[in-house]
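Below is one structure, written out as structure tokens; the observations come after it.
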Amino acid sequence: MIVLGIETSCDETGVALYDSERGLLADCLYSQIEIHAQYGGVIPELASRDHVRKTVPLIKEVIAKAGIEQSDIGGVAYTAGPGLVGALLVGASIGRSLGMGWDVPTIGVHHMEGHLLAPMLEDEAPLFPFVALLVSGGHTQLVEVEGIGRYVLLGESLDDAAGEAFDKVGKMLGLPYPGGPHVAKLAVEGESGKFTFPRPMTNRPGLDFSFSGLKTAVRTAIAKEAGTQGTLNDRQRADIARGFEDAVVATLAIKCGRALAHTGMHTLIIAGGVSANLQLREVLEKTVAKFDAKLFYAKPRFCTDNGAMIAYAGCQRLLAGQEDDLEIRAQPRWSLEALPAI
């Protein structure tokens with residue numbers, strides 16, 4: 001079965017075609033960073049309007065890129081949530097309409113399930129069961145995964161997620177939008193140990209996360225270093241970025257270790273935008289080695305929002321006989337644990 005995947009949950013329009021026999025056929029991605037950069041954050045209405053402009057042209061482009069005919073497509077998958085409701089409705093409306101017009105089944109995919117399954121797109125894919133660390137935008141979650149749709153939430157962010165903290169610290173340091181990738185790039189130039197920030201909630205049992213206090217600690221350090229001048233030099237900014245990244249990575253690694261010990265599993269996957277962070281991957285490789293476990297992650301281009309992960313996740317559910325009725329659904333809030341199992 002060839003499935004068309006559509007991702008429009010926030011500020012990136014992703015479209016892909018996945019074949020259950022041949023794998024990923026083609027994918028296209030359009031980012032709205034330039035649109036939202038002038039405002040320092042995502043403007044939901046502008047995001048929705050741009051998805052309206054870009055989704056159908058990208059669908060035509062990905063079909064041509066794959067070298068197939070529209071009639072070869074056997075199903076349509078679209079992100080139904082969580083995300084910005086206006087942006088979700090664009091993809092859901094287009095996806096459901098195409099399904100009806102083409103007379104093929106459609107299914108709304110959980111955005112975080114898409115991220116969770118993104119490592120399955122690799123040549124060496126993880127086998128169930130495993131522990132998943134999902135670090136994407138406003139989500140930081142540890143999930144026990146027995147199979148598709150068989151999820152147990154072990155811990156999650158109680159306030160700011162890791163990705164949000166990266167973006168907000170980037171803004172504090174005067175870096176371009178979105179701040180997260182720029183913080184990681186700047187951190188490479190910094191000296192580890194010059195600034196030591198707290199590892200939130202690691203001094204108590206449990207697998208939940210909290211990064212708001214860390215964000216405050218960084219803001220305090222910036223104010224202290226800036227002093228009466230009110231500005232930081234390049235070295236100070238790089239050292240603060242490194243100290244912040246060290247704290248986030250150490251916190252995530254400690255919690256992942258606890259999750260592996262708690263579940264007794266020997267496979268850890270990381271997914272979502274922050275999973276592209278090179279320091280996180282290096283530290284987690286050392287962490288899983290202590291548990292005789294193995295680490296899996298997707299290519300960097302499949303860590304951020306993309307259509308390929310939605311096409312793959314939707315394909316698995318459509319093959320299992322699951323499909324939507326005629327109602328168009330968009331769920332800005334949606335629990336992973338509420339998904340049906342395959």
Side-chain angles (χ1 to χ4, degrees), residues 112-120 122 124-147 150-166 180 183-184 187 192 196-214 242-300 302-304 309 336-337:
M112 297 309 293
E113 180 173 66
H115 277 302
L116 188 154
L117 296 176
M120 300 296 187
E122 301 302 309
E124 186 182 1
L127 300 175
F128 299 112
F130 53 73
V131 171
L133 171 65
L134 305 180
V135 274
S136 173
H139 298 83
T140 300
Q141 299 176 323
L142 275 167
V143 184
E144 181 178 348
V145 182
E146 292 288 346
R150 299 166 62 192
Y151 309 128
V152 176
L153 185 64
L154 301 173
E156 62 182 337
S157 49
L158 303 178
D159 41 55
D160 281 0
E164 289 177 314
F166 262 99
V183 170
S192 185
T196 302
F197 296 115
R199 276 62 171 158
M201 297 184 71
T202 58
N203 60 349
R204 67 186 79 173
L207 295 170
D208 286 329
F209 302 91
S210 169
F211 292 103
S212 63
L214 172 58
R242 180 58 184 267
F244 165 75
E245 185 180 70
D246 286 347
V248 172
V249 168
T251 301
L252 294 175
I254 290 169
K255 298 287 185 172
C256 285
R258 288 182 185 176
L260 290 171
H262 171 75
T263 61
M265 292 183 179
H266 295 278
T267 302
L268 173 70
I269 73 114
I270 54 173
V274 181
S275 70
N277 184 283
L278 295 180
Q279 188 189 167
L280 177 61
R281 293 184 177 191
E282 291 174 5
V283 171
L284 285 180
E285 288 283 7
K286 297 176 183 177
T287 299
V288 299
K290 298 175 184 176
F291 294 89
D292 192 27
K294 197 166 183 181
L295 179 67
F296 292 85
Y297 42 77
K299 292 182 180 70
F302 295 141
C303 291
T304 54
M309 67 183 192
L336 264 175
E337 294 178 299

Could you tell me if the side chain of [Y] sits less than 4.5 Å from the side chain of [X], heavy atoms only?
{"X": "L116", "Y": "M112", "answer": "no"}
{"X": "C256", "Y": "L142", "answer": "yes"}
{"X": "H139", "Y": "L134", "answer": "no"}
{"X": "T263", "Y": "L154", "answer": "yes"}
{"X": "T140", "Y": "L252", "answer": "yes"}
{"X": "L268", "Y": "F291", "answer": "no"}

Mind checking what makes side-chain hydrogen bond (donor to acceptor under 3.5 Å, both in side chains) contact with [X], not counting sequence neighbours?
{"X": "E337", "result": "none"}
{"X": "E122", "result": "K299"}
{"X": "T196", "result": "none"}
{"X": "S192", "result": "D246"}

Can you tell me if R258 uses its side chain to pair, donor with acceptor, with the backbone of T202 under 3.5 Å?
->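 Side chain of R258 to backbone of T202: a pair is present.
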Quick one: does R199's side chain have a donor or acceptor within less than 3.5 Å of a partner on F197's backbone?
->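 Side chain of R199 to backbone of F197: a pair is present.
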Minimum heavy-atom separation for [X] and [Y], please, with both atom names.
{"X": "P126", "Y": "P119", "answer": "CD-O, 3.9 Å"}
{"X": "C303", "Y": "H115", "answer": "O-CE1, 3.1 Å"}
{"X": "S157", "Y": "G138", "answer": "OG-O, 4.2 Å"}
{"X": "A187", "Y": "R242", "answer": "O-CD, 3.4 Å"}
{"X": "K255", "Y": "M201", "answer": "NZ-O, 2.8 Å"}
{"X": "P198", "Y": "L214", "answer": "O-CD1, 3.7 Å"}

Out of curiosity, [X] [atom1] to [Y] [atom2], how far, rounded to the nearest 0.5 Å?
{"X": "L336", "Y": "Q141", "atom1": "CG", "atom2": "CD", "value": "5.5 Å"}
{"X": "E144", "Y": "H262", "atom1": "CD", "atom2": "NE2", "value": "6.0 Å"}
{"X": "N277", "Y": "Y297", "atom1": "CG", "atom2": "OH", "value": "11.5 Å"}
{"X": "M120", "Y": "F128", "atom1": "CE", "atom2": "CZ", "value": "3.5 Å"}
{"X": "L207", "Y": "L133", "atom1": "CG", "atom2": "CG", "value": "11.0 Å"}

Report the C-alpha separation of L260 and V288 in whole Å, then their side-chain angles, then the decisive distance to 0.1 Å, and conclude whether the side-chain contact (heavy atoms from CB on, under 4.5 Å) test is met.
-> CA-CA 8 Å; L260 290 171; V288 299; 4.1 Å; yes
With sequence neighbours excluded, give me every salt bridge (Lys or Arg N to Asp or Glu O under 4.0 Å) pair touching residues 155-164.
->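 Qualifying pairs, neighbours excluded: D160-K168, D160-K215.
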Got a sec, which pairs hit side-chain hydrogen bond (donor to acceptor under 3.5 Å, both in side chains) with one end in residues 285-296, sequence neighbours left out?
->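 Residue pairs passing side-chain hydrogen bond (donor to acceptor under 3.5 Å, both in side chains), neighbours aside: E124-K294.
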Taking the six-membered ring for Trp and the single ring otherwise, decide whether the centroids of F244 and F166 are under 6.0 Å apart.
->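 They qualify: ring centres under 6.0 Å apart.
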